[in-house]
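Since the structure comes first, as structure tokens, the remarks are kept for the end.
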Amino acid sequence: MSFATEIGGGQRKPVRLAAFYAGLTLFAALWTVPLLVLVFTALKSAKEFAETGTFAVPESLE
Amino acid sequence: MAQAANQVSAVGRRRHRRVGDELAAWLFLAPAAIVFAVVIVYPMFYSIYLSLFEWDGVAPVKQWVGLGNYIELFTDNRVFWIALKNTVFWGVLSLFVPTGIGLALALLLNQKFAGSSFYRSVFYFPAILSMSVVGLIWGWMYHPTLGLINQALDGLGLEALKWNWLSDPRISLTAVFVAATWHNVGLPMLLFLAGLQSIPQETLEAARIDGANRWQRFWYVTLPQLRETTMVVIAITAINSLKVYDIVFVMTYGGPANRTQVLGTWMYFLTYNANRVGLGTAIAVVLFCLTLIFAIPYTRHMARK
């Protein structure tokens, strides 16, 4: 049995729901940026990192 | 006469059984109690003992100085005051920032919607990383030229907001705190979510029927029923914030110019870098006393429950 409430108090309004998802997804995306940095840092050498920036795809996976 | 003898014998048997039960309880408790005494209690008292000596950690003879280390700390050790101030700053902010974000996320994610479990996992994920890893990740992000944050500010045309995040004394501690917050939000969020799910829906429904708006329902219905959870969260957060060490060590090493020292790091530097074991353990004792301020009420509360 769940005690959670529904968004919009039971009657979901599409615009409100879309805004809710957009906001939450944006925040979640920002929240995961450090994890992406961790992955990208692990896949590139310091030199490549300096030359191509954080989010460029690594040239090779050696 | 025989009846009286029987009664005496029954009382004796009961007493004998009670003593036996108590003995068995102590025997079962003994292994854990011995480990606790050796691993926790003995080092604690040994630290207090060491704090009364001047010792480099190697010499066979320790020089008795009594309360000299404490006097030196409080009157002649400028960095100790910086570390104490930073620890208090860290503790106070920790009570509001990660706890507040955790509560807000819990309220948001307690609603019924598709994908709620996914979002809960996303926001909880940083909490499973070690603080050292978090420090390394954010250390990269704060890099003045290669770091994501300054690159993003550049990209957005906000060059004026660029900082040397970890080497500018005005911002370094706050920058480290932001990194720690990213890690520390998960646990309060989880605890508040559990608390929210134990609130009877009928009370919120009744408040809604009575005309309470969303804010009033939160302030007058939800929050009072989260009192227990809030107490637990605050106690855990306060105790953890006093123990802060690893993320500062990894990200700034206490610098620049000792401006991000906290009691944990300063204790380490005095003990292992300066070989002032007595002075270092004196900080440990001060830290222990500060922790007791939160630990005693919390433990008493939990024991009473």
Side-chain angles (χ1 to χ4, degrees), chain A, chain B residues 101 104-116 118-126 128-129 133-143 145-152 154-155 178-179 182-183 185-186 193 195-205 208 213-214 217 222 225:
Chain A
M1 182 176 171
S2 170
F3 292 113
T5 53
E6 288 199 15
I7 302 161
Q11 290 252 320
R12 292 184 187 206
K13 294 170 187 160
V15 177
R16 203 170 173 181
L17 189 65
F20 172 79
Y21 270 112
L24 193 60
T25 306
L26 181 70
F27 191 46
L30 285 174
W31 200 255
T32 49
V33 164
L35 295 172
L36 296 178
V37 171
L38 175 70
V39 174
F40 279 86
T41 314
L43 294 175
K44 291 197 280 192
S45 65
K47 184 172 171 282
E48 196 184 337
F49 196 90
E51 285 169 355
T52 61
T54 309
F55 289 117
V57 178
E59 285 165 9
S60 62
L61 292 172
E62 290 173 3
Chain B
I101 298 173
L105 281 173
L107 287 167
L108 203 66
L109 298 173
N110 189 44
Q111 302 178 90
K112 236 190 277 174
F113 61 93
S116 61
F118 168 75
Y119 287 105
R120 286 177 194 178
S121 310
V122 166
F123 290 114
Y124 184 71
F125 191 79
I128 65 170
L129 298 174
V133 174
V134 173
L136 285 174
I137 297 172
W138 281 82
W140 259 114
M141 289 182 37
Y142 282 134
H143 193 283
T145 50
L146 303 176
L148 179 73
I149 294 174
N150 277 356
Q151 281 181 0
D154 254 340
V178 169
W182 182 70
H183 175 272
V185 160
L193 260 173
L196 283 170
Q197 284 173 13
S198 68
I199 294 176
Q201 191 69 1
E202 294 80 11
T203 54
L204 289 165
E205 206 55 56
R208 193 179 313 204
N213 61 28
R214 192 172 283 221
R217 287 202 301 275
T222 306
Q225 293 188 79

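Naming convention: chains lettered A, B, ... in sequence-line order (proteins, then strands); numbering from 1 in each chain. Every value quoted in this text rests on a predicted model; they were computed, and no experiment measured them.
- Between B/V178 and B/Y142 the shortest side-chain heavy-atom distance falls below 4.5 Å.
- Of the listed residues (B/V185, B/V133, B/L146), the greatest number of heavy-atom pairs within a distance under 4.5 Å of chain A belongs to B/L146.
- For the set B/W140, B/W182, B/F125, the count of heavy-atom pairs under 4.5 angstrom toward chain A peaks at B/W182.
- For B/V134, no part lies under 4.5 angstrom from a heavy atom of chain A.
- Side-chain contact between B/Q197 and B/N110: present, with at least one pair of heavy atoms (C-beta onward) separated by less than 4.5 Å.
- Of the atoms belonging to B/L105, it is side-chain heavy atoms, and not backbone ones, that fall under 4.5 Å from chain A.
- The two residues B/W138 and A/P34 come nearest to each other via the heavy atoms CZ2-CG, 3.7 Å.
- Looking at B/F113 and B/L108, their side chains never come closer than 4.5 Å, going by heavy atoms from C-beta outward.
- The aromatic ring centroids of B/Y119 and A/F27 lie 6.0 Å or more from each other.
- Most heavy-atom pairs under 4.5 Å with chain B: of the set A/V37, A/L35, A/L24, A/T32, this distinction falls to A/L24.
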